[in-house]
Amino acid sequence: MLIHWEVSDVYNDVLKDFLKKAFEKGLIEAVIAPAATDNSYTYALVTKKEDVDKLTPIAPVMQWNGADMIRRITRLKPAKRKTLAILRPCETRTYKELIKFNQINPENFYLLTYDCPGTIHARNYAYEQTPVDDLIKSMKEGKISEKVRESCRVCEYPTPIKGVGDIGFGIIGVDEPVFFSLSERGKDFLAKMEIQEGERDDSSWVEMHRKNREKWLEEKRITGGRKGIEKFLAQCMNCHNCKDMCPICFCKECFFEDHSVFDYESEKFYNWADDKNGIRLPTDKTLFHIGRLIHMGTSCIGCGLCQQACPVDIPLYRLFGIVGNDLQKVFDYKPGVNDDLPPVMEFREEEFEEFVGLKGGEE
Amino acid sequence: MSEKEFEPVIVGFFCNWCTSAAADLAGTSRLHYPANIRPIRVMCSSTVDPVYLIRALQEGADATILGGCHPGDCHYISGNYKARRRVVIVKTVLKSLGFDEDRVLLEWISGSEGPKFARVMNEYTEYIKKKGPSDFKYVDSLGGE
Ligand code: SF4
Ligand code: SF4
Ligand code: FES
């Protein structure tokens with residue numbers, strides 16, 4: 001029988017063979033990649049070749065941001081064992097961003113990333129298990145699956161980029177998948193694996209997403225000041241899940257979790273209620289989101305996990321992605337795609353004078 | 001009788017080494033500046049988390065001013081450059097959401113610039129008076145239009 005590349009799980013099989021071979025050659029001593037649970041996928045760390053078959057390197061769901069998992073592993077000490085992590089393009093950009101913030105120690109890590117078909121909302125997947133092959137099939141036909149999350153449909157970089165990660169795995173526009181290097185280390189790795197680097201054309205897949213993105217940026221903006229944001233956040237229960245899932249919100253102590261920052265003597269609340277003709281409680285619901293935008297919006301990488309985490313289905317990526325895009329434009333910064341430092345980590349002596357004074361720096 | 005004139009509340013976060021000194025100098029030189037300004041002395045413009053600027057707006061301020069040392073003069077070398085980026089961020093977020101970003105003002109006023117201090121405070125107060133009360137204070141309240 002002729003085996004087509006469309007046949008179930010073939011891409012994951014190729015990747016698992018790749019991992020086993022890398023173990024055999026002593027190129028790696030551990031792998032971080034997704035593994036199936038009952039009706040979802042979590043990240044797993046395996047240290048033996050025999051455990052590779054438990055993995056699903058390309059999963060249909062992204063429960064966590066994998067870069068956040070690497071942060072947890074390396075935040076106290078760098079990894080001693082050579083580890084290959086298989087991450088989605090957005091997670092690979094997060095990885096790069098977190099290295100800049102000194103949150104990840106990349107020592108001994110290799111990153112493999114791939115042409116991403118998008119991911120299904122974890123909750124939707126729990127109700128309807130769609131195999132990743134359906135998503136890949138759709139990608140190969142040049143259609144973004146209806147089932148993937150909003151942030152995936154408007155992803156700016158849905159495929160591997162040079163300099164971000166080490167090894168790329170190309171699926172689009174080729175009958176058989178190809179490996180290619182993204183870094184010198186990746187090149188060396190593939191050479192040692194005796195894999196011939198291949199090519200593929202991902203431009204139409206990228207274009208399709210960018211078109212969606214342009215439209216989305218235009219149409220989904222939250223406008224109207226107080227009324228706009230209050231309407232948008234109407235159902236918010238201030239659970240802070242969005243912040244907990246955000247890989248960029250890595251602070252150990254959060255401004256909005258330290259309740260002493262919001263402790264007031266009781267009279268204050270009554271006075272506000274007098275003054276504002278009634279106040280909503282808690283008083284820091286909207287401020288939490290605006291504060292988060294101010295603190296991390298310049299580095300939002302667009303994984304959309306805030307939106308996936310929201311128990312009341314607020315399409316939060318419209319807030320963080322669109323305001324984040326405005327911020328990133330002002331600083332001419334694209335998080336995780338190159339070696340520029342995040343805007344909150346550097347400054348220039350001569351810049352932004354137009355933001356000083358009422359008339360923009362003029363005396 | 002005409003309505004009472006709108007008297008805005010403007011919270012000023014003033015660096016100890018420059019703008020606060022300028023405020024003192026304005027005072028001792030008998031330069032008038034409006035009582036609408038509520039000064040808070042901070043050790044450097046960079047010690048003000050940008051969220052405090054919008055928090056002042058929510059708590060009822062009609063505007064906020066962050067006053068720091070001129071570029072090159074920060075007592076802690078680069079605090080004012082960082083403060084400037086933070087103000088860029090706050091203003092961009094406010095604008096992006098459709099709030100009035102002019103209710104956050106950054107000014108460089110050195111300790112010897114008593115007259116500049118008085119002028120900026122007068123001009124900004126006039127400017128905010130013309131704009132009218134801020135809507136931001138009604139965020140998460142039952143009031144407002
Ligand atoms: S704000 Fe949302 S989309 Fe942006 S990095 Fe955080 S979780 Fe991802
Ligand atoms: S996850 Fe949703 S409900 Fe929870 S704080 Fe964020 S926006 Fe509000
Ligand atoms: S000491 Fe004045 S701005 Fe830093």
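Here is the naming used below: chain letters follow the sequence lines, and residue numbers restart at 1 for every chain.
Ring to ring, B:F117 and B:Y33 are close: their centroids are under 6.0 angstrom apart.
Against chain A, the residues from residues 86-100 of chain B that qualify, each with a non-hydrogen atom under 4.5 angstrom away, are B:V87, B:V88, B:I89, B:V90, B:K91, B:T92, B:V93, B:S96, B:L97, B:G98, B:F99 in number order. Of all residues in residues 208-229 of chain A, those placing a non-hydrogen atom less than 4.5 angstrom from a non-hydrogen atom of chain B are A:R221, A:I222, A:T223, A:G224, A:G225, A:R226, A:K227, A:I229.
Relative ring orientation between A:F255 and A:H295 is described as perpendicular, the plane-to-plane angle rising above 60° on a 0-90° scale split at 30° and 60°.
Proximity to chain A (any heavy atom under 4.5 Å) is restricted, for B:R84, to the side chain, taken from C-beta onward. Of the atoms belonging to A:L281, not a single heavy atom falls under 4.5 Å from chain B.
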Go through A:F352 and A:F347 one step at a time and tell me if the side chain to side chain contact (heavy atoms under 4.5 Å, CB included) criterion holds.
CA-CA 10 Å; A:F352 298 122; A:F347 58 83; over 6 Å; no
Full working for side chain to side chain contact (heavy atoms under 4.5 Å, CB included) between B:S141 and A:R280
CA-CA 5 Å; B:S141 83; A:R280 291 182 200 280; 5.9 Å; no
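Within a 6.0 Å sphere centred on CG of A:D332, other residues, nucleotides and ligands contribute 12 heavy atoms or fewer. For A:Y270, the OH atom is loosely surrounded, since the number of other residues' heavy atoms within 6.0 Å does not exceed 12. Within 6.0 Å of atom CD1 in B:I77, 12 or fewer heavy atoms from other residues, nucleotides or ligands are found, so the atom counts as exposed in its surroundings.
A salt bridge is absent between B:K137 and B:D62; no separation between the charged side-chain nitrogens and carboxylate oxygens falls under 4.0 Å. Salt-bridge check for A:K268 with A:E265: failed, with every basic side-chain N at 4.0 Å or more from each acidic carboxylate O. A salt bridge links A:R71 with A:D68: at least one charged nitrogen is closer than 4.0 Å to a carboxylate oxygen. Between B:R55 and B:E59 there is a salt bridge, since at least one side-chain N of the basic residue sits less than 4.0 Å from a carboxylate O of the acidic one.
Ranked by heavy-atom pairs under 4.5 Å with chain B, the first of A:E230, A:K329, A:E350 is A:E230. Ranked by heavy-atom pairs under 4.5 Å with chain A, the first of B:D135, B:N80, B:L105, B:D102 is B:D135. In terms of heavy-atom pairs under 4.5 angstrom with chain B, the leader among A:I279, A:I294, A:D326 is A:I294. Chosen from A:V344, A:N277, A:L233, A:V330, the residue pairing most often with chain B at heavy-atom distances under 4.5 Å is A:N277.
Relative to the ring axis of A:F256, A:R292 does not place its NZ or CZ within 45° and under 6.0 Å from the centre.
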